[in-house]
> 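A single structure is presented below for examination.
What you see is a predicted model, and the numbers here were worked out from it, not measured in a lab. Numbered from 1 within each chain, the chains take letters A, B, ... in sequence-line order.
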Amino acid sequence: MYILLGVVVAIPLFWDVVSQRIEVTRDVKGVYNTIENIPQDKIAILSIIWGAGTSAENRPQTQAIARHLFSRGIRIIVLPFDLQGTKLSYDAVEEVAKDMGKEYGKDWISTGWRPAYLDQIIQGMAGDLPATLKTDINGTKLDNFDKLPLMRGVKSARDIGIVVDFTPAGTISSWISFMGQTKNVPIAFSPTSVEVPAGYNLLDAKQICGMLPGLMGAAKYETLLNHRGFACRSSNALSTSHLLIIVLIIIGNLGYFFSIRAKNIQRR
Amino acid sequence: MATFFIPLQGTSLYLHIAGAIILGLLCLFALTKVPNKWRKPIVIGITFVAGWFYLVEFIIPSSNSMSPVRSSTIAAERLIRTSAHDLKVISERESRSSGNNDQRLARVRTSLNGAIIKLKVAESGLNEQKPIVDRQLEAELRRVASFKKTNNLSDKMVEFRELEEDFIKARNISSDLIITGGPKPKVVSSRQAKNIINWSESIYKASDDINEAILRIEETQAALRGRDADYEHLVAALTVGYTVTVIENGKPVIKQIPGATDAVANARRGTLDNFLTPYKEVIANLLVVVGSFAFGLGLYNLLKFHGKAIVKKQPGWYSGLAFYIAVFAMAMLGLLKTYADAPGVKNLTKTLYDITFSGGLTALQSTMFSLVAFYIVSAAYRSFRIKSGEAVIMMVAAFVVMLATVPVGMAMTQGLPAGSPFRLETIGDWILTVPNMAAQRGMQFGISVGGLAMALRIWLSLERGSFFDKQM
Amino acid sequence: MSNLADFLSNHQIAITFWIGAICTVGIFSILYKENPYYRVLEHVFIGLATGQGAYVTWAEVLRPRWWDVMVIQGQWWWAFALPAGLTFYFVISKKNVWISRIMFGILMGLGSGLAFQGFANTMFPQIRESFKPIIPAPGVPPAVAINNLIFVIILVTVMAYFFFSIDHKARSMRGTAALGRWFLMFAFGAMFGSTVMARMALFIGRIDFMVNSWGPIVPLWFWLAAGGIILLLIGYFIFRPRPPKKKEGILIEGTPEGITAEVTEA
């Protein structure tokens, strides 16, 4: 059974089992439209809560959003709260930045790891962003405009165009509470698939502008950007693995029903 | 107090640092001598006081001078929202060519007039504050400049230099500053001047936001005086705003025009700061630094646990040895790559660190998490039994959601016309956005109320368990 | 040292992929059965994560935000953060563990204070949005009104199910709560489906690494050798000599009933 899973997942990575255009849903479109309408003088914050464990879902999401922001010329601040996520997100965004000719310090920065006192840090950032975050990943002070020209004119929540929260946990409520509701900053939710059902609740209450639901959300975003990345490549593998799970559940239950029936017949 | 907490240099600095650490350690020593009966009240008291900071900051309003601005903006926002709703209804009726809209239009005009009056009251309140805060700014900078000169501060005191840049920027915003001979210069911390600068910026930006809101309302009023008003565009202008494409330097640039309610809300939020607001950033910084010291606790526990296994040669002790090697190797590689002086060592350790991180740590963690996929497959075959009606609903919903989001599910019903309610992705979307969303909200209400009750219990130290045990 | 650095630099990607592949196969070996390779790799993972945590804590937090601020910028009062941070370590002392609770109390107090704000900011908009129009009207098409009605019914019944403060004795309450439990299955089904998707995605990430990153750099002779070893292992497991079968033995006189001795066939 384990080998079957491996085969079922590996084959579609070589070969497109189903060539079906991925339909983009309105939750993903919400994020896309919000980023399309960000004024050029505002910045975007990418909140990185993910680590190596969920990088398969969150990394493609981060890269898709970063690609869109770079294409619009929006400056990015990567704000990691996970130890491994600090380097992983830095490498992920750097890969996209190099691909698009964007420069560290001018077009994007990473602030380095922050311990996850999320509520307090967001509260501080909303009032005075450079004073709360203080330095970037290399220890350069954020108000050193010679080395970090991106930070010129960035003081508080008013200068933030969007916050995208890439998370395997429920940290979105902190961003919504202390940045979205109090400072009217658009918040986008980019969770792993586990958190997706709860995200629809926030979408309906208009607390988030949109959502990238897991790996398929990243695939949909890549479709919107006309860029075929890891997420699009993996969508077929996801299809076959889901079919396998459904088939196994059906077979297991059929076996169970037949065994119950046989026992009842035997008893009679 | 302000004369005590000033940055120092040289021997004086090191003496102060040593003194502070010794004083802190003495306080810790004194705490160990506290009698038993006082310990619990101290912890309860400190927890209670700590909880008040954010609560008070949330509850207390900003200064009295902002009170007319606050009330006017709230009233204006209400009037604008009412107008936007009425325009939406008018638009809907006109599209169906039903009903007479004259009464509603008259109400819209009255509401918008009222909103402009309220916003002008708010604007005049802000304009009264501008010269006051400008004078405070000027006085602060003069005191800081004088302090620098008197104490012969070196270029390392960058905080003060930053203030000059900020002040020049703030002064460019306002053209009617009056430079007076200041009082005898006092020693101030840089934070005080930064707070004044932040407050000044908030007032000026709130004023800009109110002007934007007034512009949107005047645009709407002008459009309504015409014949064929685009009601949808007017609703957007009054609420969420709209985008326009302008040509700048020969390139098309998308500009976001803020809606009236958004602009008014921003203006109000920008003036909500009270005397505790500047300290939120201080608390955040303190927590980050002090909280980081706690990492050593986890490190100590792990080293102790695995060290014991190695020393006592317990079964699997070699795994503990592998742990020790991995900890020290990773830590040393990281520190050497950052702080080593010799370029050869730096390059070598950087490469080794990257290899260990990407090839070792990332691969191991990802693989650990991916093991769950196998357990799900095993559970799907062995354990998931549909034994009741509720289980049927759960499984059907699960199957639809699983298939609807992936290409194979989309391909199954692609023969149906686009927009058909029987397409798998439409059914999946409906399950997620209607019944799932309703159930999630119900659960979320319960969880949030429970969380609030738990927060209250923790704040009031009503929670029992390891926090307060017999030892205290 | 420079030769080593150059070699590592030139072959960094290949070395990284090979180490990644060995770690991946080693961790997946637990699926067959418990083995020492998995245990060692598990401990190596914990060690690497802890070591990286220690380095990042110093290099990205304590050094720039505490040490440099204190020593280079001259803000000596940050030295008080050290004794404050040391209060956490009193957890180790049995006699003075209460001192650690001072700092934990501060953290919990601050967190609790924020919880009220967080509740207001998160919940009030959701409560407001829950009042949806259920009657078709201008701006509310019939399909939307029906969906809103379904939403309201499900929300009320689910909330009734979780309302434990009063007994579910009354028939109306029992019925509503039971209906709520049925409607909850939609959410649980959606959560199950999403969880499956999440876990599969993580596995796909690993397989993609093995197939598309590590696979292309592996030389042909390795595949041939690995294939040969796998065939040998399969052959061994099929044709290996089995241990002799144990037969149920005869009842020995004098022993209590039901006890038989095992007799192994020669």
> So do B:Arg39 and C:Asn96 actually touch side chain to side chain, heavy atoms under 4.5 Å?
yes

> Under a 4.5 Å heavy-atom cut-off, does chain B meet the side chain of C:Ile207, its backbone, both or neither?
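Neither the backbone nor the side chain of C:Ile207 comes within 4.5 Å of chain B.
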
> Under 4.5 Å, counting heavy-atom pairs only, tell me which of B:Phe357, B:Trp459, B:Phe295 racks up the most with chain C.
B:Phe295

> Top residue by heavy-atom pair count (under 4.5 Å) with chain B, among C:Arg181, C:Met191, C:Gln117?
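The residue among C:Arg181, C:Met191, C:Gln117 with the greatest pair count is C:Gln117.
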
> Going by heavy atoms in the side chains, are C:Thr50 and B:Phe323 under 4.5 Å from each other?
yes

> Heavy-atom cut-off 4.5 Å, strictly under: side chain, backbone, both or neither for C:Ala21 against chain B?
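No part of C:Ala21 comes within 4.5 Å of chain B.
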
> Checking C:Ile153 against chain B: side chain, backbone, both or neither under 4.5 Å from a heavy atom?
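Contact with chain B: none, neither part.
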
> Are the side chains of B:Thr47 and C:Ile106 in touch, meaning some heavy atoms are under 4.5 Å apart?
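Sidechains of C:Ile106 and B:Thr47: no contact.
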
> Heavy-atom cut-off 4.5 Å, strictly under: side chain, backbone, both or neither for B:Thr405 against chain C?
side chain

> For C:Ser130, is it the side chain, the backbone, both or neither that has a heavy atom under 4.5 Å from a heavy atom of chain B?
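It is both, since atoms from each part get that close.
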
> Picking from B:Asn436, B:Leu286, B:Val49, B:Leu25, which has the most non-hydrogen pairs under 4.5 angstrom with chain C?
B:Asn436

> Check each atom of C:Phe209 against the heavy atoms of chain B and say whether the ones under 4.5 Å are side chain, backbone, both or neither.
neither

> Side chain to side chain donor-acceptor pair (under 3.5 Å), that's the test. Do B:Asn36 and C:Trp98 meet it? Break it down for me.
CA-CA 10 Å; B:Asn36 270 340; C:Trp98 79 279; over 6 Å; no

> Go through B:Phe369 and C:Phe203 one step at a time and tell me if the ring-ring contact (aromatic ring centres under 6.0 Å, His included) criterion holds.
CA-CA 8 Å; B:Phe369 274 72; C:Phe203 179 61; over 10 Å; no

> Testing the basics here: between C:Leu62 and B:Val289, what is the closest heavy-atom pair and its distance to 0.1 Å?
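For C:Leu62 versus B:Val289, the nearest heavy atoms are CD2-O, 3.8 Å.
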
> Below 4.5 Å, heavy-atom pairs only: which of B:Tyr14, B:Tyr375, B:Phe48, B:Tyr353 has the largest tally toward chain C?
B:Tyr353

> For chain C, find which of B:Val89, B:Ile431, B:Leu456, B:Leu299 contributes the most heavy-atom pairs closer than 4.5 angstrom.
B:Leu456

> What residue in B:Leu287, B:Asn347, B:Leu432 has the most heavy-atom pairs under 4.5 Å with chain C?
B:Leu287

> Give me the atom names and distance for the closest heavy-atom approach of C:Met123 to B:Ser448.
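Looking at all heavy atoms of both residues, the closest pair is CE-OG, 3.1 Å.
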
> Could you please spell out the steps behind the ring-ring contact (aromatic ring centres under 6.0 Å, His included) verdict for C:Phe162 and B:Phe445?
CA-CA 10 Å; C:Phe162 284 118; B:Phe445 284 156; over 10 Å; no

> Can you tell if the side chain of C:Ser112 reaches within under 4.5 Å of the side chain of B:Tyr54, non-hydrogen atoms only?
no

> If you count heavy-atom pairs under 4.5 Å between each of C:Trp18, C:Trp66, C:Phe119 and chain B, which one has the most?
C:Phe119

> Does B:Glu390 reach the side chain of C:Phe188, with side-chain heavy atoms less than 4.5 Å apart?
no

> Sort C:Val61 into side chain, backbone, both or neither according to what part of it lies under 4.5 angstrom from a heavy atom of chain B.
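For C:Val61, side-chain heavy atoms alone lie under 4.5 Å from chain B.
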
> Select, from B:Gln365, B:Gln440, B:Met332, the one with the greatest count of heavy-atom pairs under 4.5 Å involving chain C.
B:Gln365

> Is the shortest heavy-atom distance from the side chain of B:Leu364 to the side chain of C:Leu48 under 4.5 Å?
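Of all side-chain heavy-atom pairs linking C:Leu48 with B:Leu364, at least one is under 4.5 Å.
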
> Quick one: what part of C:Arg39 sits under 4.5 Å from any heavy atom of chain B, side chain, backbone, both or neither?
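Interface part for C:Arg39: both.
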
> Could you check whether any side-chain N or O of C:Tyr89 sits under 3.5 Å from a backbone N or O of B:Phe293, counting only pairs where one atom can act as donor and the other as acceptor?
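Yes: the side chain of C:Tyr89 pairs with the backbone of B:Phe293.
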
> Tell me, for C:Met197 versus chain B, whether the close heavy atoms (under 4.5 Å) come from the side chain, the backbone, both or neither.
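The answer is the side chain of C:Met197.
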
> Just by distance, with hydrogens left out, do C:Tyr55 and B:Thr338 show a side-chain donor and acceptor under 3.5 Å apart?
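Side-chain D/A pair, C:Tyr55 to B:Thr338: present.
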
> Quick one: does C:Phe186's side chain get under 4.5 Å of B:Val434's, heavy atoms only?
no

> Given that the side chain runs from C-beta out, which part of C:Leu110 has a heavy atom under 4.5 Å from chain B: side chain, backbone, both or neither?
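Both parts, heavy atoms under 4.5 Å.
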
> Non-hydrogen atoms of chain B under 4.5 Å away: do they reach the side chain of C:Ile13, the backbone, both or neither?
neither

> Does any backbone or side-chain atom of C:Tyr38 lie under 4.5 Å from a heavy atom of chain B? Answer side chain, backbone, both or neither.
side chain

> What part of C:Glu129 lies closer than 4.5 angstrom to a heavy atom of chain B: side chain, backbone, both or neither?
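It is both, since atoms from each part get that close.
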
> Any side-chain heavy atom of C:Ile99 within less than 4.5 Å of one from B:Val34?
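A side-chain contact is absent here, since even the closest heavy-atom pair is not under 4.5 Å.
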
